[in-house]
> 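Please read through the structure below; I'll follow up with questions.
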Protein chains: 2
Amino acid sequence: MPRVSKISKSPPAAVEDILNRLGRNIRTARLRRKLSREELAERVGISRYVLADIEKGKPTTAIAAYLGALWALGLLQDMREVADPDRDEEGKILERARSPKTAPKRKTLDDDF
Amino acid sequence: MPRVSKISKSPPAAVEDILNRLGRNIRTARLRRKLSREELAERVGISRYVLADIEKGKPTTAIAAYLGALWALGLLQDMREVADPDRDEEGKILERARSPKTAPKRKTLDDDF
DNA sequence: CTTTTATGTTAACTTAAATCAACATATCGT
DNA sequence: ACGATATGTTGATTTAAGTTAACATAAAAG
């Protein structure tokens, strides 16, 4: 992507790690299934060059290409819970602090005077 | 990405679903943390426009932008197990079929004649 | 060894991803 | 109501992502 973002040019180590990991995992899954790059790429709908980039963990490659590879390998379901609000404990705490779900008990009756 | 791949132009429904989900989840996490698009985008190292694309689930956006958003929200660890070979049961079966890990028991002794 | 098959590398080309500026329109707090 | 902040939209610009072709090298299969 032109005017390449900082995040793509030099991603934080954590992001780079995940990217390399993902690439390796996709490669492993492909080899286990005895697929060549060309075969898998064709099923995904990309060129073999992009699949090579994916296996290398290239940051600037379109997310759909990565997800397409997972999809063609039958591994897309692993993405379903990513950033799931139900599992985002940090977020839930912050939300609760703002708008307490349990209605605060009134100390006194509304109409006591 | 120019010469846009088929997978990006018209992703399979499953991929589109995951993409929309991811976008929504990132948005939810951002709002819970009371961050504006501009604030989060700046932390990620992208423009507010790209973050808007991400929350819409745009297929052609660089994977690093998506991962950067997860990272800035403290949700990147959700990606660690995606396509993990240890959890790829389908792949493990295929591999086992090819090269049986348990050495096949010899029916007869090696030196029986 | 020889022939496939898989992958690496380079170069040329097309086109849209990402940025910025400017303005419009919510949405929120006071 | 008001002003401030957040987000939507448009157009112009830049530049690299993705494609193809061609050739090189590596690894399997015969």
Side-chain angles (χ1 to χ4, degrees), chain A residues 1-11 15-16 19-20 22-24 26-69 71-73 94-95 97-99, chain B residues 1-11 15-16 19-20 22-69 71-73 94-95 98-99:
Chain A
M1 70 298 280
R3 253 180 173 96
V4 105
S5 330
K6 194 184 161 231
I7 192 81
S8 290
K9 268 224 289 267
S10 52
V15 169
E16 234 178 12
L19 233 22
N20 289 332
L22 230 195
R24 276 203 322 272
I26 286 173
R27 179 183 172 85
T28 301
R30 173 177 67 80
L31 293 175
R32 276 178 168 173
R33 287 160 179 76
K34 278 236 177 290
L35 295 169
S36 70
R37 290 241 182 93
E38 204 137 314
E39 285 173 306
L40 180 56
E42 130 112 81
R43 293 187 196 184
V44 177
I46 56 178
S47 68
R48 70 182 174 97
Y49 309 101
V50 172
L51 183 54
D53 288 340
I54 289 173
E55 293 187 353
K56 277 182 217 148
K58 195 181 174 202
T60 51
T61 292
I63 189 166
Y66 276 86
L67 297 187
W71 167 74
L73 290 165
L94 288 168
E95 190 153 73
R98 231 172 311 123
S99 59
Chain B
M1 70 299 273
R3 253 182 173 94
V4 105
S5 331
K6 194 186 162 225
I7 193 80
S8 290
K9 268 225 288 267
S10 53
V15 169
E16 235 178 11
L19 233 22
N20 290 332
L22 230 194
R24 279 203 320 273
N25 291 353
I26 287 173
R27 179 182 171 85
T28 302
R30 173 177 67 81
L31 293 175
R32 276 178 168 171
R33 287 160 180 75
K34 278 236 177 291
L35 294 169
S36 69
R37 290 242 182 93
E38 203 136 314
E39 286 173 307
L40 180 56
E42 130 111 86
R43 294 188 196 183
V44 177
I46 56 179
S47 68
R48 70 183 175 96
Y49 310 103
V50 171
L51 183 54
D53 288 340
I54 288 173
E55 293 186 354
K56 277 182 215 147
K58 194 179 177 206
T60 50
T61 292
I63 190 166
Y66 277 86
L67 297 187
W71 168 74
L73 290 165
L94 288 168
E95 191 153 72
R98 230 172 311 122
S99 58

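Please read all numbers here as calculations on a predicted model, not as lab measurements. Letters A, B, ... are given to chains in the order of the sequence lines, protein chains preceding strands, and every chain is numbered from 1.
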> Nearest whole angstrom, please: distance from the P of dA16(D) to the CG of D53(A).
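So the CG-P distance, D53(A) to dA16(D), works out to 15 Å.
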> Take atom CD of E38(B) and atom P of dA21(C), then tell me their distance rounded to the nearest Å.
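Atom CD in E38(B) sits about 12 Å away from atom P in dA21(C).
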> Specify the separation, in whole Å, of atom CG of L35(A) and atom C1' of dT5(C).
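Value for this atom pair: 14 Å.
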> Quick check: do I63(A) and L22(B) have side-chain heavy atoms less than 4.5 Å from each other?
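Yes, at least one pair of side-chain atoms sits under 4.5 Å.
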> Contact class for R27(B) (heavy atom, under 4.0 Å): base, sugar-phosphate, or nothing?
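No contact at all - R27(B) keeps every heavy atom at 4.0 Å or more from the nucleic acid.
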> Is E42(B) atom CD crowded by more than 12 heavy atoms from other residues, nucleotides or ligands, each under 6.0 Å away?
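At most 12 heavy atoms, drawn from other residues, nucleotides or ligands, come within 6.0 Å of this atom.
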> Taking five pairs at each end of the helix from dC1(C)-dG30(D) to dT30(C)-dA1(D), what angle separates the two helix axes (nearest 10°)?
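The angle, to the nearest 10 degrees, is 70°.
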> Could you check whether any side-chain heavy atom of I46(B) comes within less than 4.5 Å of a side-chain heavy atom of I54(B), counting everything from C-beta outward?
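I46(B) vs I54(B): side chains touch.
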> Figure out the CG/C1' separation between L31(A) and dA28(D), and round it to whole Å.
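In whole Å, dA28(D) C1' and L31(A) CG are 14 Å from each other.
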> May I ask you to evaluate whether S36(B) reaches the phosphate of dT5(D), defined as a side-chain N or O under 4.0 Å from OP1 or OP2?
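No, outside the criterion.
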> Between L51(A) (CG) and dA6(C) (P), how many Å, whole number?
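In whole Å, dA6(C) P and L51(A) CG are 13 Å from each other.
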> Looking at T61(B), I'd like to know whether one of its side-chain N or O atoms comes within less than 4.0 Å of OP1 or OP2 on dA18(C).
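Checking dA18(C) against T61(B), a side-chain N or O does come within under 4.0 Å of OP1 or OP2.
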> Report yes if some heavy atom in the side chain of R33(B) is under 4.5 Å from a heavy atom in the side chain of L73(B); otherwise report no.
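A side-chain contact exists here, since the closest heavy-atom pair is under 4.5 Å.
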> Closer than 4.0 angstrom, basic N to acidic O: yes or no for E55(B) and R37(B)?
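So E55(B) pairs with R37(B) through a salt bridge.
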> Think T60(A) has a side-chain N or O under 4.0 angstrom from the OP1 or OP2 of dA17(C)?
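Indeed not, no polar side-chain atom of T60(A) lies that close.
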> Using a 4.5 Å cut-off on heavy atoms from C-beta on, say whether the side chain of V44(A) contacts that of L51(A).
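Not in contact.
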> CD of E42(B) versus P of dA6(D): gap in Å, rounded?
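Going from E42(B) (CD) to dA6(D) (P), I get 13 Å.
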> So, is R37(B) close to the dG8(D) phosphate, meaning a side-chain N or O under 4.0 Å from OP1 or OP2?
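Checking R37(B) against dG8(D): at least one side-chain N or O falls below 4.0 Å of OP1 or OP2.
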> For K34(B) and A65(B), take the nucleotide of DNA chain C holding the closest heavy atom to each; which residue's nucleotide lies nearer the 5' end?
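Looking at the nearest nucleotide for each, A65(B) comes out on the 5' side.
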> Could you check G45(A) against R48(A) and say which one's nearest nucleotide on DNA chain D is further toward the 5' end?
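Per heavy-atom nearest nucleotide, the more 5' residue is G45(A).
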> Under a 3.5 Å distance rule, please check whether S8(B) uses its side chain to pair with a backbone N or O of V4(B) as donor and acceptor.
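Judged by distance alone, no pair lies under 3.5 Å.
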> Any N or O donor-acceptor pair under 3.5 Å from the base of dC20(C) to the side chain of R3(A)?
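When only heavy-atom distances are counted, R3(A) does not reach the base of dC20(C) through any donor-acceptor pair under 3.5 Å.
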> Between the main-chain N or O of A72(B) and the side-chain N or O of R43(B), is there a donor-acceptor pair closer than 3.5 Å?
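No; judged by distance alone, with no hydrogens or angles, the pair does not exist.
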> Taking the minimum atom-to-atom distance to the side chain of A62(B), which one of dA18(C), dT7(C), dA16(C) wins?
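Nucleotide nearest to A62(B)'s side chain: dA18(C).
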> Among the candidates dA17(D), dA17(C), dT19(C), find the nucleotide nearest to the side-chain atoms of V50(B).
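Selected nucleotide: dT19(C).
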> For a quick test of reading the model: is some side-chain N or O of S5(A) closer than 4.0 Å to OP1 or OP2 of dT19(C)?
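Yes, S5(A) has a side-chain N/O under 4.0 Å of OP1/OP2 on dT19(C).
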> When the nearest nucleotide of DNA chain C is assigned to Y49(B) and to K58(B) on a heavy-atom basis, which residue is associated with the more 5' position?
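Closer to the 5' end of DNA chain C: K58(B).
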> Would you kindly give the NZ-to-C1' distance between K9(A) and dA17(C), to the nearest whole Å?
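So the NZ-C1' distance, K9(A) to dA17(C), works out to 14 Å.
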> Round to the nearest Å and state the distance from I26(B) atom CD1 to dT7(D) atom P.
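My rounded result for the distance is 15 Å.
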